[in-house]
There are 2 protein chains.
Amino acid sequence: MLAADRTDRYHLGMPVPKGSTIDPARTRATILRAATAVLYERGLDGVGVAELCARLGISKETLYRHFGAKDGLVEAMLQERSRRVTRRLAEVVEQAGDDPREQLTALFDALQGWYDDPVFRGCAMLNASAQHHDETVRALAARHLDRYLELLTGIAERAGAAAPDVLGRQLLMLVEGATVVAAQHDAGGVGEHARQAALTLLAASGSARSTPDRATRPRRRP
Amino acid sequence: MLAADRTDRYHLGMPVPKGSTIDPARTRATILRAATAVLYERGLDGVGVAELCARLGISKETLYRHFGAKDGLVEAMLQERSRRVTRRLAEVVEQAGDDPREQLTALFDALQGWYDDPVFRGCAMLNASAQHHDETVRALAARHLDRYLELLTGIAERAGAAAPDVLGRQLLMLVEGATVVAAQHDAGGVGEHARQAALTLLAASGSARSTPDRATRPRRRP
DNA sequence: CACGGATCGTACCGACCGGTTCGATCTATG
DNA sequence: CATAGATCGAACCGGTCGGTACGATCCGTG
């Protein structure tokens with residue numbers, strides 16, 4: 001589990017390299033990354049602070065100095081994950097070129113790759129929201145869906161959909177539905193089927209690419 | 001919270017009516033129904049056994065005699081809810097007539113009605129699966145999705161879709177995605193948008209009955 | 001009328017959990 | 001060399017939770 005025998009040791013399960021100040025910021029980031037993996041796999045309440053710290057190779061005091069409380073860790077973790085995942089998907093879409101169809105294809109392919117990952121356990125935000133009825137976590141989940149919706153509505157707009165916000169919502173349902181089904185029901189091919197559905201909705205959404213400029217519409221948040 | 005003052009009292013928060021044997025089966029069903037509501041609203045781990053019993057107006061001993069353990073209650077509860085919900089949706093579909101488009105419309109209208117219910121908190125099965133990483137609960141959630149899938153694939157078959165199982169999966173994603181979005185993001189109109197998407201997918205699925213502009217084909221191919 | 005069964009209310013128990021504290025160790029800095 | 005800061009490991013604390021036990025109450029039945 002850990003490295004370093006009793007003679008020399010320190011910090012995060014590994015002996016501190018030669019001459020390096022223990023950088024708190026780096027420590028915090030490392031804790032965040034490792035804790036995210038454990039809490040995602042086992043659930044927020046599935047692992048206590050003691051075991052969590054043991055797995056990370058840190059002491060409870062270190063964790064509490066960086067995050068104040070377990071909730072602080074959870075919130076920081078969810079925020080960071082939401083940002084990272086959203087950025088990743090936005091990159092995938094961006095690198096797919098200008099064709100909205102290609103963008104959607106790339107997006108659902110990326111999702112399928114995620115579903116195939118052995119550690120895939122569904123959307124961490126929605127899982128967290130189901131576990132902690134805490135209002136803060138709910139807000140983070142809602143914000144996460146906001147980010148997704150913004151990305152998808154952007155695709156819908158570039159496709160010249162007659163009602164891009166409606167299409168964006170529908171694509172959001174497909175993305176989240178595919179994620180849920182992949183997590184709970186699997187059987188494979190979920191991403192592909194979702195992609196086909198998305199392309200069908202796109203094709204049926206009105207004049208494709210013929211009306212690039214249109215009145216901008218209000219945005220997210222109820 | 002309770003009825004009955006200190007003079008006469010008994011059983012399930014209400015005084016036992018005049019001459020009636022306390023029927024264990026009825027007691028169990030009543031506990032199940034009331035516990036379902038509380039645990040759905042607050043989360044499986046959001047309310048302890050003590051408080052749960054207080055809310056139901058029963059003693060812990062009674063609960064444990066009927067369900068053995070909290071997990072037993074949870075499992076019984078989820079099973080019963082899955083059966084009830086699925087049956088209800090099947091009825092809605094059945095009462096909508098023979099047209100698959102009408103059936104889908106009725107189904108998503110029913111879902112929208114659910115979303116509008118103030119106690120709506122998303123799909124209880126998926127919430128439970130996110131909370132208890134327990135294998136039994138996961139299996140119950142998977143079985144729940146099986147039931148949904150069966151219903152939706154049936155509609156796809158009656159519509160004469162070229163690939164009814166694929167369309168069924170896609171409709172399942174829409175249903176679950178709509179439920180997730182309604183629970184976490186709301187803003188209204190989710191059911192309607194999901195319904196439109198479902199009808200679009202149905203119309204594009206190579207069906208005979210649901211697309212008026214295509215060559216007709218016989219229905220019913222199991 | 002006595003008995004068995006279902007129930008209540010309460011007290012109790014052991015386990016665990018989130019969080020705090022403390023002494024010791026090591027590093028960089030001045 | 002002394003100090004300050006980051007960390008470790010372990011002990012500790014109060015609270016909560018799931019589950020059990022027990023005496024008392026009320027019912028229908030024999």
Side-chain angles (χ1 to χ4, degrees), chain A residues 1-31 35 39 42-75 131-132 134, chain B residues 1-31 35 39 42-75 131-132 134:
Chain A
M1 173 80 248
L2 301 176
D5 51 8
R6 293 305 184 212
T7 72
D8 70 341
R9 93 230 79 138
Y10 231 42
H11 197 234
L12 285 174
M14 292 218 312
V16 172
K18 31 171 149 192
S20 72
T21 310
I22 296 178
D23 179 4
R26 201 162 201 78
T27 300
R28 185 187 149 102
T30 307
I31 292 176
L39 291 177
R42 306 258 308 267
L44 299 184
D45 295 329
V47 49
V49 172
E51 184 189 348
L52 181 64
C53 289
R55 295 216 169 209
L56 305 195
I58 67 173
S59 67
K60 293 172 83 172
E61 182 173 347
T62 299
L63 186 146
Y64 278 100
R65 181 157 21 81
H66 280 291
F67 298 98
K70 193 183 185 182
D71 283 352
L73 170 65
V74 167
E75 289 163 19
Q131 290 166 59
H132 282 20
D134 177 76
Chain B
M1 183 73 241
L2 300 178
D5 52 9
R6 293 307 184 207
T7 71
D8 71 339
R9 95 225 76 141
Y10 231 48
H11 199 233
L12 285 174
M14 292 218 311
V16 171
K18 26 165 115 193
S20 71
T21 307
I22 296 179
D23 179 5
R26 200 162 203 78
T27 300
R28 184 187 151 103
T30 308
I31 292 177
L39 291 178
R42 305 258 310 267
L44 298 184
D45 295 329
V47 49
V49 172
E51 183 189 348
L52 181 64
C53 288
R55 295 218 168 206
L56 305 196
I58 66 172
S59 67
K60 292 171 83 174
E61 183 172 344
T62 299
L63 186 146
Y64 279 99
R65 182 158 19 82
H66 279 292
F67 298 97
K70 192 182 186 183
D71 283 352
L73 170 65
V74 167
E75 289 163 20
Q131 290 166 61
H132 282 20
D134 178 77

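Naming: A, B, ... by sequence-line order, numbering from 1 per chain.
Checked against side-chain hydrogen bond (donor to acceptor under 3.5 Å, both in side chains), A/Arg42 has the following partners two or more places apart in sequence or in another chain: A/Glu51. With sequence neighbours excluded, the residues forming a side-chain hydrogen bond (donor to acceptor under 3.5 Å, both in side chains) with B/Asp134 are B/Thr136, listed by chain and number.
For the pair B/Phe67 CZ and C/dT7 C1', the computed distance is 15 Å after rounding to whole Å. Straight-line distance from the CG atom of B/Leu56 to the P atom of C/dG9: 12 Å, rounded to whole Å. In this entry the distance linking CZ of B/Arg65 with C1' of C/dG4 reads 13 Å, nearest Å. Atom CD in B/Glu61 sits roughly 10 Å away from atom P in D/dT20 (whole-Å rounding). At whole-Å resolution of the value, CG in B/Leu63 and P in C/dT7 are 11 Å apart. For B/Arg26 and D/dC27, the CZ to P distance is 19 Å, given to the nearest whole Å.
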Step-by-step side-chain contact (heavy atoms from CB on, under 4.5 Å) determination, B/Phe67 to B/Arg28
CA-CA 8 Å; B/Phe67 298 97; B/Arg28 184 187 151 103; 3.5 Å; yes
Run the side-chain contact (heavy atoms from CB on, under 4.5 Å) test on A/Leu39 and A/Leu73 for me, step by step, so that the C-alpha distance in whole Å, both residues' side-chain angles and the decisive distance to 0.1 Å come before the verdict.
CA-CA 10 Å; A/Leu39 291 177; A/Leu73 170 65; 4.3 Å; yes
Set out, in order, the CA-CA distance, both residues' side-chain angles and the distance that settles side-chain contact (heavy atoms from CB on, under 4.5 Å) for A/Thr62 and A/Ile31, then state yes or no.
CA-CA 10 Å; A/Thr62 299; A/Ile31 292 176; 4.1 Å; yes
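For the pair A/Asp45 and A/His132, the minimum side-chain heavy-atom distance is below 4.5 Å.
The side chain of B/Ser59 contributes no N or O atom lying less than 4.0 Å from OP1 or OP2 of C/dT10. Contact annotation: A/His66 does not reach the phosphate of D/dA6 (side-chain N/O to OP1 or OP2, under 4.0 Å). OP1 or OP2 of C/dC8 lies within a sub-4.0 Å distance of a side-chain N or O belonging to B/Thr62.
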Each nucleotide N or O in nucleotides 15-19 of chain C that has a protein N or O under 3.5 Å away: list the pair and distance.
unit_1: C/dG18; atom_1: OP1; unit_2: A/Lys70; atom_2: NZ; d: 2.8
unit_1: C/dG18; atom_1: OP2; unit_2: A/Val49; atom_2: N; d: 2.6
unit_1: C/dG19; atom_1: OP2; unit_2: A/Tyr64; atom_2: OH; d: 3.0
unit_1: C/dG19; atom_1: OP2; unit_2: A/Lys70; atom_2: N; d: 2.8
unit_1: C/dG19; atom_1: N7; unit_2: A/Lys60; atom_2: NZ; d: 2.6
unit_1: C/dG19; atom_1: O6; unit_2: A/Lys60; atom_2: NZ; d: 2.3

